[in-house]
Amino acid sequence: MTALAGLREMASRNLRQSGIVVAFVAIVVLFAVLNQNFLSPGNLTNIILQYSYILILAIGMLMIIVAGHIDLSVGSVVALTGAVSAVLVIRNGLPWWVGVLAALAVGLLVGVWQGFWVAYVGIPGFIVTLAGMLLFRGLTYQVLDNVSLSPFGGAYYQVANGFQNGLLGGYGVDVFTLVIFAIAVVGYAVSQWRARRGKIAYNQPVESMPLFVVKIVAIAAVVMWFGYQLAQSRGLPNILILLAVLVLAYSLVMQKTIFGRHIYAIGGNLNAAQLSGVKVRRVNFWVFVNMGMLASVAGIVYSSRMNGAQPGAGNMFELDAIAACFIGGASTTGGVGRITGAMVGGLIMAVMSNGMQLMGVPQSTQQVVKGLVLLLAVAFDVYNKRRASALR
């Protein structure tokens with residue numbers, strides 16, 4: 001198999017995922033050409049800091065969508081958990097970690113509440129979370145007494161605004177950041193090599209060795225370039241470490257565990273999953289509990305980033321998270337989607353927002369562009385399904 005034929009085969013094997021990566025690269029190149037500051041170290045760091053909470057929400061939302069549900073309440077949960085932290089830390093002067101634990105507890109309780117109504121009462125997730133969107137927003141106003149609280153300062157502020165810099169020295173370039181990114185590249189290469197050997201052992205198709213090497217080298221070059229840009233700025237953001245841990249953990253859960261496979265089974269064919277012995281109610285319940293927990297993590301990150309809590313915090317966050325999942329390859333009917341795809345979709349939204357802001361594009365135009373991108377992504381999903389049905 002020639003390198004060109006191998007590339008074509010790899011791209012066509014998963015058209016949606018391949019297409020979204022190509023689209024992401026094209027958007028980055030476009031904004032880099034239009035604005036020379038787009039790929040500057042400072043701006044790349046700002047993209048991570050400004051949109052990390054949307055990526056965290058997208059992880060949980062991807063699991064919800066794969067299971068065949070939707071969650072419209074996550075923006076309100078972000079506001080509520082941030083408000084609880086602010087009341088405890090700012091108003092009552094308690095340690096920062098008390099606010100973090102309280103926010104996590106509130107998020108878990110929210111997940112239990114919504115999971116119960118969806119899984120055991122049988123009310124559709126759309127209705128339950130629509131009610132939750134109103135309920136938790138109202139509770140946010142009550143907790144804050146309709147006023148904003150700030151600042152957090154101290155360790156709580158460092159959760160989303162702190163950096164790991166200077167741990168291994170360096171003159172203008174943080175060595176620690178480069179080491180961490182190098183370890184990540186080596187880990188990725190090893191995992192891809194093991195996956196390739198596993199496929200060969202089971203006589204599954206793989207790309208040619210030259211193409212495999214080119215892919216690894218290209219990805220390693222991009223990752224190390226990105227790490228170098230961060231190392232030139234302020235070092236490794238704390239929030240990037242948290243996000244990397246969450247992405248790795250949830251990718252393993254979705255791809256390598258029974259619970260993850262059950263989520264795909266329920267979203268793909270509910271009746272078949274029930275006949276196969278999948279405990280559908282239990283899985284749906286824990287999917288919503290997990291979403292509540294991740295929404296509280298996003299609430300902590302957002303309130304830390306804003307250095308305070310506001311009654312209107314988290315407005316429209318649920319739509320950004322849903323858009324990230326659909327743009328990243330999740331199916332509107334459930335059963336299809338990957339954590340990495342949702343991350344790419346979220347990054348596309350982040351890059352578009354940041355790039356248009358640098359160019360001075362009006363907010364109204366930004367919303368129009370985002371809406372069109374989401375519509376095209378879903379249309380692409382529908383096209384792929386019809387194409388697959390026609391080939392059967």
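Numbers here simply count residues along the sequence, with the first being 1.
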Nearest non-hydrogen partners of [X] and [Y], listed with the distance:
{"X": "N161", "Y": "S304", "value": "ND2-O, 2.8 Å"}
{"X": "A67", "Y": "I266", "value": "O-CG2, 3.8 Å"}
{"X": "G125", "Y": "F288", "value": "CA-CZ, 4.3 Å"}
{"X": "Q229", "Y": "L39", "value": "OE1-O, 3.7 Å"}
{"X": "F152", "Y": "N307", "value": "N-OD1, 2.9 Å"}
{"X": "I65", "Y": "A330", "value": "CG2-CB, 4.1 Å"}

Main-chain N/O of [Y] paired to [X] side chain as donor or acceptor, under 3.5 Å:
{"X": "R137", "Y": "P311", "answer": "yes"}
{"X": "T81", "Y": "V77", "answer": "yes"}
{"X": "S331", "Y": "T333", "answer": "yes"}
{"X": "N37", "Y": "N43", "answer": "no"}
{"X": "T257", "Y": "G260", "answer": "yes"}
{"X": "S303", "Y": "G82", "answer": "no"}
{"X": "S296", "Y": "G107", "answer": "no"}
{"X": "T177", "Y": "A231", "answer": "no"}

How about [X]: does its [atom1] atom have over 12 heavy atoms from other parts shown lying under 6.0 Å from it?
{"X": "I258", "atom1": "CD1", "value": "no"}
{"X": "Q36", "atom1": "CD", "value": "no"}
{"X": "W193", "atom1": "CH2", "value": "no"}
{"X": "Y228", "atom1": "OH", "value": "no"}
{"X": "R261", "atom1": "CZ", "value": "yes"}
{"X": "M316", "atom1": "CE", "value": "no"}

Check the side chains of [Y] and [X] for a donor-acceptor pair under 3.5 angstrom, ignoring hydrogens and angles.
{"X": "S73", "Y": "Q114", "result": "yes"}
{"X": "Y51", "Y": "D320", "result": "no"}
{"X": "K370", "Y": "S353", "result": "yes"}
{"X": "N238", "Y": "Q164", "result": "yes"}
{"X": "N354", "Y": "N46", "result": "no"}
{"X": "N165", "Y": "R234", "result": "no"}

Pairwise side-chain contact, [X] with [Y], heavy-atom cut-off 4.5 Å (strictly under):
{"X": "L49", "Y": "P237", "answer": "yes"}
{"X": "L55", "Y": "V247", "answer": "no"}
{"X": "R338", "Y": "M254", "answer": "no"}
{"X": "F259", "Y": "M63", "answer": "yes"}
{"X": "R91", "Y": "D145", "answer": "yes"}
{"X": "V185", "Y": "I219", "answer": "no"}
{"X": "L270", "Y": "V280", "answer": "yes"}
{"X": "Y264", "Y": "Q255", "answer": "yes"}

Practice prompt. Measure from NZ or CZ of R196 to the centre of the six-membered ring of F212, then state whether that distance is under 6.0 Å and the direction lies within 45° of the axis.
Written response: yes

Between [X] and [Y], does the ring centre distance come in under 6.0 Å?
{"X": "Y302", "Y": "Y53", "answer": "yes"}
{"X": "F126", "Y": "H69", "answer": "no"}
{"X": "F285", "Y": "F116", "answer": "no"}

Practice prompt. Using the side-chain contact (heavy atoms from CB on, under 4.5 Å) rule, take I239 and I48 through it: C-alpha gap first, then chi angles, then the decisive distance, then the call.
Written response: CA-CA 8 Å; I239 192 60; I48 297 172; 3.9 Å; yes

Is it possible for you to say whether [X] and [Y] belong to one hydrophobic cluster, with membership spreading through side-chain heavy-atom contacts below 4.5 Å?
{"X": "I70", "Y": "L375", "result": "no"}
{"X": "L347", "Y": "L34", "result": "yes"}
{"X": "F38", "Y": "V369", "result": "yes"}
{"X": "L30", "Y": "M352", "result": "yes"}
{"X": "F181", "Y": "L248", "result": "no"}

Just how far is it from atom [atom1] of [X] to atom [atom2] of [Y], taken to the nearest 0.5 Å?
{"X": "L44", "Y": "W225", "atom1": "CG", "atom2": "CH2", "answer": "5.0 Å"}
{"X": "L101", "Y": "S85", "atom1": "CG", "atom2": "OG", "answer": "9.0 Å"}
{"X": "F226", "Y": "L230", "atom1": "CZ", "atom2": "CG", "answer": "4.0 Å"}
{"X": "L104", "Y": "M293", "atom1": "CG", "atom2": "CE", "answer": "7.5 Å"}

Discussion item. Run the side-chain contact (heavy atoms from CB on, under 4.5 Å) test on V89 and V98 for me, step by step, so that the C-alpha distance in whole Å, both residues' side-chain angles and the decisive distance to 0.1 Å come before the verdict.
Written reply: CA-CA 7 Å; V89 177; V98 174; 5.9 Å; no

Discussion item. For W117 and W113, take the angle between the two ring planes, folded into 0 to 90°, and tell me which bin it lands in: parallel under 30, tilted 30 to 60, perpendicular over 60.
Written reply: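 Rings of W117 and W113: perpendicular, as their planes differ by over 60°.
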
Fill in: CA sep, side-chain torsions, deciding dist, call: V100, W96, side-chain contact (heavy atoms from CB on, under 4.5 Å)
CA-CA 7 Å; V100 170; W96 69 273; 3.8 Å; yes

Item to complete: Any chance you could lay out the side-chain contact (heavy atoms from CB on, under 4.5 Å) test for E318 and D71, step after step, and finish with the verdict?
Response: CA-CA 7 Å; E318 57 277 351; D71 192 335; over 6 Å; no

